[in-house]
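Only this structure's heavy atoms are used, side chains among them; waters, hydrogens and symmetry mates stay out. The structure displayed is predicted, hence computed values, not measured ones. Counting begins at 1 with the first residue of the sequence.
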Amino acid sequence: MNWRRSLQFKYLSIILAAVLCIPISFSLASTLVYVPGVFLEKETVHPYEGYNELTEMWHKEARQLKAANDIEIAEKLQSLQKKYPGSQLFWVDKEGRTRESFSYKEELPDIWTPSYTISYMKNSIDADPFTVVAFIGDDEDKGFMVIRVDRMMLEPPIQRLGLQYDAIYFAVLAVLMFAFFFLSWLFFKQLHKRILRLKEAMQRKDHSGLPLPIALSNKDEIGELEESFNNMIKELEESREREKREEKIRKDLMASLSHDLRTPLTTMRAHLVSVKKEAVTDAGAEAARAIDEKIDFISSLIDNLFSYTLLSSGKYHYHPKEINLSRFIRKKAAEWYPVFEEHRFEAEIDLEPDTIIWFADPEWLERILDNLLQNIIRHADEGKFVGITVRQTEAGQHIMIRDRGNGFRQDSGKKGAGIGLTIVEMMTKKMNLTFRIDSDSGGTVISILKET
């Protein structure tokens with residue numbers, strides 16, 4: 001990835017811009033505001049050039065009035081006031097009387113005493129407005145004339161721009177600062193938008209449940225994350241395809257094995273029936289019976305193995321519906337009663353009235369009961385007892401299956417791979433039922449509970 005495209009470089013660029021923004025903004029604002037103002041000021045006719053120039057001009061004009069009479073002095077002051085707009089002028093004659101004043105804003109005495117004159121001169125020093133006093137004709141006997149001008153009008157052009165230019169300056173500065181914040185906001189908004197876009201892409205899924213790929217944006221860190229996200233989706237799709245292929249191979253293998261195993265078992269059972277019809281010794285009859293049991297055991301084991309494969313892959317179809325539990329258990333017990341009699345088992349069936357309704361798959365529930373009862377016949381033969389109970393308690397609705405064997409910790413000599421109980425546990429879990437086994441040397445109690 002090009003480092004100039006990285007978010008880190010862009011972020012550091014914004015920080016650098018933030019550090020330089022204020023001094024640059026001041027300089028830029030000054031350039032944009034004051035420089036044009038100074039040029040405009042130069043192009044405008046401005047009579048005031050400075051403090052010294054005003055002082056020299058006033059004394060020069062006073063000297064030129066050496067031979068002027070009162071009317072000429074008044075006319076001259078009037079013309080100077082027009083030439084220097086905003087100025088305040090007056091003159092005092094040789095008797096100390098105040099004569100004509102032009103635009104003067106303060107009250108003047110009719111007669112100037114020496115003390116008032118000294119006080120006026122003292123207060124005018126370094127005061128604002130700037131005051132210049134000159135004797136008419138450079139002669140103290142002809143009186144004096146005064147001009148007052150606001151100091152701002154005598155300042156350099158850049159200072160004469162006034163407060164309105166200060167407002168414009170800060171307005172330009174504010175615009176520049178706003179532009180910086182706006183650009184920063186745009187950067188982080190775009191960043192936030194891309195992150196949200198990636199988040200939404202992770203939440204969108206196709207028909208198979210996998211997220212959809214996302215179109216790549218810029219080639220920065222988020223772009224790399226988007227690319228990694230797409231690569232992950234591709235790997236998931238490939239993994240799912242491999243899983244489907246492996247599942248098909250496993251399913252086909254199990255079906256093939258089941259068929260290949262069932263075929264010889266069926267043939268063996270047919271031959272065994274023929275053997276039983278022949279006259280054989282008691283030992284031969286016992287051997288034939290043992291072979292018959294082993295055929296049943298292997299057939300059951302094949303069924304369980306096939307069912308376990310389907311359950312593990314989620315291919316065992318589940319179709320729940322309402323079941324009257326007592327009637328269902330009674331029917332199932334009736335199917336197993338001949339088996340109990342054949343093996344000389346005492347059967348005790350204790351069912352609640354037909355009031356318990358379960359919402360479950362009858363095929364699954366039947367498979368659960370078959371596996372549990374088969375385990376009792378095979379592994380608890382020494383007890384010769386099976387009990388089936390259906391009860392409604394405060395904890396919930398129970399199916400309990402009991403025997404009086406030696407318990408699960410004892411080896412019956414007919415122990416298989418435990419697939420039957422594994423299937424029971426998987427099926428009860430998928431049907432939200434609690435499966436529990438309590439076993440000791442006095443027997444085993446298997447409980448299936450539906451909490452209420």
Glu335 bridged to Lys332 by N-O distance under 4.0 Å: yes
Do the side chains of Val390 and Ile356 get nearer than 4.5 Å, heavy atoms only? yes
Applying side chain to side chain contact (heavy atoms under 4.5 Å, CB included) to Asp438 and Thr444, what does each step give before you reach the verdict? CA-CA 6 Å; Asp438 296 305; Thr444 299; over 6 Å; no
Inspect the surroundings of CG in Asn123 and state if more than 12 heavy atoms from other residues, nucleotides or ligands are less than 6.0 Å away. yes
Atom CD of residue position Glu425 - does it have more than 12 heavy atoms of other residues, nucleotides or ligands inside 6.0 Å? no
Which word best sums up how the rings of Phe178 and Phe182 line up, parallel for under 30°, tilted for 30 to 60°, or perpendicular for over 60°? parallel
Give a yes or no on whether Asp110 atom CG has more than 12 heavy-atom contacts from other residues, nucleotides or ligands under 6.0 Å away. no
With distance as the sole test, does Arg151 use its side chain to make a donor-acceptor pair with the main-chain N or O of Ala127 at under 3.5 Å? yes
If you take all heavy atoms of Leu433 and Lys450, which pair is closest and at what distance? CD2-CB, 3.6 Å
Return the NZ to CD distance between Lys321 and Glu363, rounded to the nearest 0.5 Å. 10.5 Å
Contact between Thr434 and Glu451 at the side-chain level, heavy atoms closer than 4.5 Å - yes or no? yes
Minimum heavy-atom distance between Gln397 and Ile357, given as atom pair plus value: OE1-O, 4.2 Å
Note: Gly396 and His398 closest approach over all heavy atoms is O-CD2, 3.5 Å
For the side chain to side chain contact (heavy atoms under 4.5 Å, CB included) test, which of Ile329, Asn375, Thr389, Leu372 pairs with Ile401? Leu372
Ser101 side chain to Tyr104 main-chain N or O, any donor-acceptor pair under 3.5 Å? no
Heavy-atom side-chain proximity of Phe359 to Ile323 below 4.5 angstrom: no
Assess the side chains of Asn324 and Trp358: does a donor N or O sit below 3.5 Å from an acceptor N or O? no
Any side-chain heavy atom of Ile437 sitting closer than 4.5 Å to one from Leu421? yes
Are side-chain heavy atoms of Tyr84 and Trp58 found at a separation under 4.5 Å? no
Looking at side-chain heavy atoms only, is the closest gap between Met145 and Glu61 below 4.5 Å? yes
Under 3.5 Å, is there a donor-acceptor pair between the side chain of Asp93 and the main chain of Gly143? no
Glu243 atom CD, neighbour heavy-atom count above 12 within 6.0 Å: no
Val146 side chain reached by Val132 side chain, heavy atoms, under 4.5 Å: no
Does Asp150 use its side chain to pair, donor to acceptor, with the backbone of Met153 at less than 3.5 Å? no
After noting the C-alpha distance and the side-chain angles of Val386 and Asp403, does the key distance pass the side chain to side chain contact (heavy atoms under 4.5 Å, CB included) rule? CA-CA 5 Å; Val386 58; Asp403 65 57; 5.7 Å; no
How long is the straight-line distance from CD of Gln392 back to CG of Leu325, given to the nearest 0.5 Å? 10.0 Å
What's the verdict on side chain to side chain contact (heavy atoms under 4.5 Å, CB included) for Glu352 and Arg391, showing C-alpha distance, side-chain angles and the deciding distance? CA-CA 6 Å; Glu352 284 279 323; Arg391 281 283 180 269; 3.4 Å; yes
Check whether any side-chain heavy atom of Ser103 lies under 4.5 Å from a side-chain heavy atom of Gln81, and answer yes or no. yes
Rounded to the nearest 0.5 Å, what's the gap from OG on Ser87 to CZ on Phe130? Could you check? 13.0 Å
Between the CD atom in Gln88 and the CG atom in Leu108, the distance rounded to the nearest 0.5 Å is 9.5 Å
Show your reasoning for whether side chain to side chain contact (heavy atoms under 4.5 Å, CB included) applies to Asp70 and Trp91. CA-CA 10 Å; Asp70 294 348; Trp91 71 286; 3.4 Å; yes
Atom CE of Met57 and atom CG of Asn52: how far apart are they, to the nearest 0.5 Å? 12.5 Å
Between Arg148 and Glu106, does any side-chain N to carboxylate O distance fall below 4.0 Å? yes
Ile71 atom CD1, over 12 foreign heavy atoms within 6.0 Å: no
Counting only N and O atoms by type, is there a donor-acceptor contact under 3.5 Å from the side chain of Asn231 to the main-chain atoms of Lys234? no
Here the gap from Asp361 atom CG to Arg367 atom CZ, rounded to the nearest 0.5 Å, amounts to 12.0 Å
So for atom CD, which belongs to Glu322, do other residues, nucleotides or ligands contribute more than 12 heavy atoms lying within a distance under 6.0 Å? no
Under 3.5 Å, side chain of Thr55 to main-chain N/O of Tyr51, donor-acceptor pair present? yes
Ser119 side chain to Ser115 backbone, donor-acceptor under 3.5 Å: no
For residues Lys142 and Leu65, report the shortest heavy-atom separation together with the two atoms involved. CE-O, 3.9 Å
Which heavy atom of Ile147 sits nearest to which heavy atom of Leu54, and what is that distance? CD1-CD1, 4.1 Å
Identify the two heavy atoms, one from Pro85 and one from Tyr48, that lie closest to each other, and give their separation to 0.1 Å. O-OH, 2.8 Å
Whether Asn371 side chain and Gly420 backbone form a donor-acceptor pair below 3.5 Å: yes
